[in-house]
Every structure is written in structure tokens, then in C-alpha cells.
2 protein chains.
Amino acid sequence: MKVTIKTVAAHAGVSIPTVSRVLNSPDLVNPETRIKVLDAVAALDYYPNGHARGLRLQHATAVGVMVPKLDDFFFSRLYRGIYDTALKHGLTVLLYDAQSDPQRIVGGFSTLKRQQSSGIIFCSATFPAHYSTLTARLGIPVVLALTESEQHDIPAFKVDDVRAAFDAVAYLITRGHRSIGVIAGPLRDPGAGPERFQGYKLALSHYQLPFSDEHVAFGAFRYEHGYAAMTELLLHRANTHITAVFAASDEMAIGAMRCIHDHGLQVPDDISVIGYDDVVLANMITPKLTTIAQPLEEIGRMAVHSLVAAISEGQLPDSKTHYMAHSLVPRESVKSLPYDTS
Amino acid sequence: MKVTIKTVAAHAGVSIPTVSRVLNSPDLVNPETRIKVLDAVAALDYYPNGHARGLRLQHATAVGVMVPKLDDFFFSRLYRGIYDTALKHGLTVLLYDAQSDPQRIVGGFSTLKRQQSSGIIFCSATFPAHYSTLTARLGIPVVLALTESEQHDIPAFKVDDVRAAFDAVAYLITRGHRSIGVIAGPLRDPGAGPERFQGYKLALSHYQLPFSDEHVAFGAFRYEHGYAAMTELLLHRANTHITAVFAASDEMAIGAMRCIHDHGLQVPDDISVIGYDDVVLANMITPKLTTIAQPLEEIGRMAVHSLVAAISEGQLPDSKTHYMAHSLVPRESVKSLPYDTS
DNA sequence: ATAGTTTCTGAAAACGTTATCATTTCCGCT
DNA sequence: AGCGGAAATGATAACGTTTTCAGAAACTAT
């Protein structure tokens, strides 16, 4: 029933090592016997036992991918980059969904280790110092995608959040907006939180616009949070007269749009909205969402490359953050205002 | 550097089998030595080598999950059900994204096999007969989730599409709609195509409403297709006077909503829309989409259970289709019409 | 006290590969 | 003819586990 290298060897009338050679270094074996063996392999539908190989050859066979919440819309493109690159390196990908539960993240590390991950790509959530000690104990390297560690001691691949946020807000400003609200991420979330907020403030000061607390609200990146934050911003609208909002995630942007709609206002006629992420559905809603796009596949590829290097070298090559180019995708949710001559 | 069972044994001053016993059947070993060993395990951060175990114990260690397109919004919930159940069975999950490319599906089967999948859960795409022969050659069982095979010779877990579609359309009818359009899936896609269309027709005839070709358009489930199909339906609107549309997928429903909006009409005031899938974003758009929900996690769980049975028994237990309960989620995209007294 | 039984532990084999080494065969050369 | 070396193949060990199996020690019952 079960076909092993032994079966193939018997079927081809050669020894076991010869079969192995045909499969791994064909030039070492006589062409005639080679085709005999290959015929046997084909006839028997032989697939080498990965466990035996993994045991014998001692190199890595799998990498773990830890994702805080698989529902995140941008994830599929990141996975594509990771998976294809991993496959090229002969690596299996083990996907762990933490379902937004910090407990599950901690447990996930050892689950991934137990499942033979030789390294972990940790995505998009915040990576506190004690995770480092955790993974250090497991003895497997970690690289970060779409996030940074608190101590900046782990290689990371992400967009320059400050610059990207700056560009988003500058886009609004150069379209004539002067009173711009922001829906920022929690300040404790490195990357998506303080940095994007910082980019907002930098853009204001660069264009010499005043900053005021009434222009800012916070939310934890989800749809509901965007809705709630927008409610707050609209509360002060009598004072602020905002004409545009920058949201730190597309999901919040979409929540905000819904909120604006519920208040009897129109996007972008009354209020323009710009998001961050370029999730698939940014292009599906009405109006289509103008937003910041990240090179997700590229980030996935780079993360795997870096991880492979770390695994084979036994040590992390460069624990610095690598910034990848972002871009702004203009769609329909931002309106150009006539130049204000006041 | 590398810590194996041997290291632990030495550190605890016992033999290798004893360590193994402590880990696998603790009651066979003296409590005193047991804690000695457990201390060593903890001190050394020992994790058993999965390849060695996989080789020695001959049972399955991984299941493959083939998904036609990872972007599909409903996928994360299905994965959750699959992953957690697999973990409980000590199985690793290998996720393969075919990226809508039939070529990749075919290649994916052997990739998954090479990565030691002992079985495959094939999701949501159509499963033609020749896939059966392919996987039969690989010698691994397949179960289907959210789809059916053409010959009905493979266990499948899904919603009863005919009934679910019937319910969706009946919902519209009982809300007063008499002229209802349908955006159906391609008739060659078993399950989501002909069945849902059939459900539509059954509902019409059950309520003694006439069927007409001008009420139907087709699309391949994506946003753009929904948009295009709706354009077509609106073309005949002068004749049909449709007040509602049933779309065979939420994505198409959302595309249709956008199309309706682009024609200067309102959902649900001018046209009601009901979808199918209950993807996360159905709850995010404006207006929120009324739709048919499938028990995705449950389906994932059942698929794994069935696959595990098939793997251990060596034979498929029941190659019939298991219908799981669906439900209708009322939200905002359907309007009740006043009773028509004409 | 001794035989029989239970409780605990270690030695050895096996899972399916690949790498090292040794052996055989064959070729070209003096 | 004899010899060095290349080319091709096979025997064997090893990777890290778990599972017999057997043996030692400690009881229990006579």
C-alpha cells in the first residue's frame, strides 16, 4: 500500500541510495539506470517522506506566520508574498491566527515551535519586549512584517508610517482642505499608532496649519472604532468646520464614512475621507476610498528572505527596520475644494 | 546548542526511553524520576523533534487546505474552524492559495502531498471529476467544504443552496416585492450556480409569480460581475419594474449596490438587495447588507472531522453531501413594500 | 525464605531518508 | 599485460523518536 524509497528501489532493481541519488543529484548516476528509476517513481506515484528527509537533512522545513487577526483584509496579499517565497526555499508555511487574543499569541509561539517552525514572521500587531524573551527561549528567530518591535531590536519590514501619513494629509491639504480631522490609532501601537499621528501633525506644521485637540479622535483600527471616533469629531464640527478626515486604517475610514452618512452628510461633498491600507474593499464601497497602499507582497517576500538568512546564519543579520515604498491611491472619497481666498 | 531527547536524558540522569515515557505516558514512570525529567525538560526548553515523531509514529501529521482565492472574505471564519479542530487532532494545517488559477490548483495537490498532507480540504471552488483521479493517484482523501463534486462521490459540507436561495427570495416576496431580479452564478459552478438559481425559480413558482428571462443576469461572484449584471438588469427595468434583487454572492450584491447608486437610485428605497455569504463587510457598507449566512466555522470543523476519519479508516466513510443549517440575517438593504392592492 | 507478581527502567530495533565510504567495473595509458 | 584512475553502485551509519522486550528491584503471598 504505502510506497517508500524501498519500494521504488525494488521496482527499479537498484539499491536504495541509487534512487535517492536520482532524485537529488541525477548527474551522479548512469543515464540508463536513471530513467529506470524515474519510470518506477512515476509508475508508483512515489513521493519522498518529508519527515525522514527533515530528520536526516537537518535544515529548516517550515516557517510560522503569526497573524493577530485573519479577518484583516490586507492579509491575503501578504500571505501570497510569504507563501510563494517560502515555497521557493523549500519551506512549508504554518499559519497561526491569534484571533485578536494576546493569550493566543503567547500560546501560538510554542504551538508553532512544536509544529517545527524554524522561524516566525510576526505580522502587524505590536511586539512587546517580553515576546522577544519568549521566542529567544524557543531558540527561533523572528522577523516583523507591517510592525516594529518596541526596542527596535528585531528586523522589521514595513512602510515608513510617518511619511505615508504625512503624504496622505499633504494630499488633502494640497486639494484645498484647511481643517482636517484625524482618526488615529492607539498611541501604544508602535507604527500604526503614534507614527501615523505624528505624520499628521508634521504635515499640518509643514503647511503652517494650526493643530487642535478637537481635530483628533482615537480608535483601535476596526470599523466600529472608526464610527465612534467620527461621531466624536462631528460633535466638534460646529467649532472645527472640518472638511476632511485622515483615518489610520481603511476599516476605520469606512466606519467613519458610515457615520458621516448617518448624520445626513455626504462623502466627499461635505467631508472628504482618506484611509490607510488599500484593502480590497476600499475599491468596492461607495464612494471608492482614496487611501495609502503598502507593498504587501513585497513585504512578505522580504520577510521570508530575511528569515531564511537568519535561520541559516543562526543569527539575525540586521535588526534594523527596512522601510518599503508606499503609494497613494486616489479614488473618489476626496474632493478638491476651490481655492479659499479668505 | 541543539537540545534533543538525548540531552534531556543526560541532564536528568535517565535513559532516553524514560524521557519519552514521561512525555507520552507519564503514569508508567515513577513520580520522582518523572519530576526530575520534567525539570530537565523545562530547564533546557526541550521540544520534541516533530520529524522524528512523524517518522516513528506513522500517523498523519498534516492536512492541506486548498482555497481557490484567499481574498474571499468568508475564508477567515472557515479557517478558524479548520485550524482549531486540526490542532485538537494534533494536525498541522497547510494552506494553499490557488489564486483563482486552475493550473495552480492542479499543482497545489502535489505540493500539498509533498508537504506531507495526509488529506485535503478543498474549499468553495468547483471540483471536476479529473481532480478525483488526480488525488486518488496521490493516495490522499479529499473532503469538500462549501462546494460539491460533479459526481457527488466525495463527502461535502455545505449549506443547502436551493433552500437558502429559496429563503432569500421568499423573504423578499413576503416583504411585498413582486418583481424580483436575480444575479445568478455561472451555471457550471455546482452549488453556488444552478442551485441558487433554482432556489430563486422555486420561490417564484411557490408564490405563483411569473418567471422571465429579463429578470435574470449572470456573474462569476466578484464585485465587477455584480456591477455588470446589475447594469443589465437595469436596462430592462422599464419593462420589468423590479423592486428587489437577489445576488448569489455578497460581493456581487455589493457590486450591484454600487451600480444602482451610479444610476442615481437608492438602496433600499428604489431597489432592495439581498446577498449570500454574510461576509464581514456586509455589515460595514452603507446600507448594511441583508444576506444569507453560512455556518462557516462549523463547516470547517465538520470537514476536519470527516477528513480525520477518512485518513484513519483509510477509506471515505460517507461520500454524501452534508447540509448545514443556514440563516437569514436581516439588515438594511431590503425594504418592506406596502401591500399592493391592485 | 522462596516463588510469583508488580513496578520501574534500559537496550535495541525500527520508521524513511541521505551521506560517507568502500567496492566493482571499465577505460586509457605505458 | 598491468596499472592508475574515473564512473557507477551498494553497504552502512546516522538523524531523533517510540515501542517492544527483557531485566532488576521491590513487594505479596505462601
Just to confirm, is there a sub-4.0 Å distance from OP1 or OP2 of [N] to any side-chain nitrogen or oxygen of [X]?
X     : N      : value
A/S15 : D/dA11 : no
A/N49 : C/dT17 : no
B/R53 : D/dT18 : yes
B/Y47 : D/dG16 : no
B/R21 : D/dT18 : no
B/T18 : C/dG10 : yes
B/T33 : C/dT9  : yes
B/Q58 : D/dT18 : no

Hey, are the side chains of B/H305 and B/H89 touching, using non-hydrogen atoms and a 4.5 Å cut-off?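 Of all side-chain heavy-atom pairs linking B/H89 with B/H305, at least one is under 4.5 Å.
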DNA chain D: A/P17 or B/H51, which has the more 5' nearest nucleotide?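 Going by which nucleotide is closer to the 5' end, it is A/P17.
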Would you please classify the geometry between the A/F122 ring and the A/F127 ring as parallel, tilted or perpendicular, with 30° and 60° separating the classes?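 Judged by the thresholds at 30° and 60°, the geometry between A/F127 and A/F122 is perpendicular.
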Among the nucleotides C/dG10, C/dG16, D/dG16, which one has an atom lying closest to any side-chain atom of A/K2?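 The closest nucleotide is C/dG16.
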Proximity to the side chain of A/T4 - top-ranked nucleotide from D/dT17, C/dG10, C/dG16: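 Of the candidates, C/dG16 comes closest.
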Give the rounded distance in Å between these two atoms: [atom1] of [X] and [atom2] of [N].
X     : N      : atom1 : atom2 : result
A/L57 : C/dG16 : CG    : C1'   : 11 Å
A/K36 : D/dA8  : NZ    : P     : 14 Å
B/N24 : D/dG16 : CG    : P     : 17 Å

Start with the C-alpha gap between A/L134 and A/L138, add the side-chain angles, then the distance that decides, and say whether side-chain contact (heavy atoms from CB on, under 4.5 Å) holds. CA-CA 7 Å; A/L134 221 64; A/L138 296 182; 6.0 Å; no
Could you pick out which residue, A/P48 or B/V29, lies toward the 5' side of DNA chain C when each is mapped onto its nearest nucleotide?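 In this pair, the answer is B/V29.
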Starting at the 5' end of DNA chain C, which residue's closest nucleotide do you reach first, B/L28 or B/L55?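 Counting from the 5' end, the first nearest nucleotide belongs to B/L28.
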Kindly state whether the ring of B/Y96 and the ring of B/F109 have centres lying under 6.0 angstrom apart.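 When the ring centroids of B/Y96 and B/F109 are compared, they turn out to be at least 6.0 Å apart.
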Exercise: identify the closest heavy-atom pair between B/T147 and B/A156: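 Residues B/T147 and B/A156, closest heavy atoms: O-CB, 3.3 Å.
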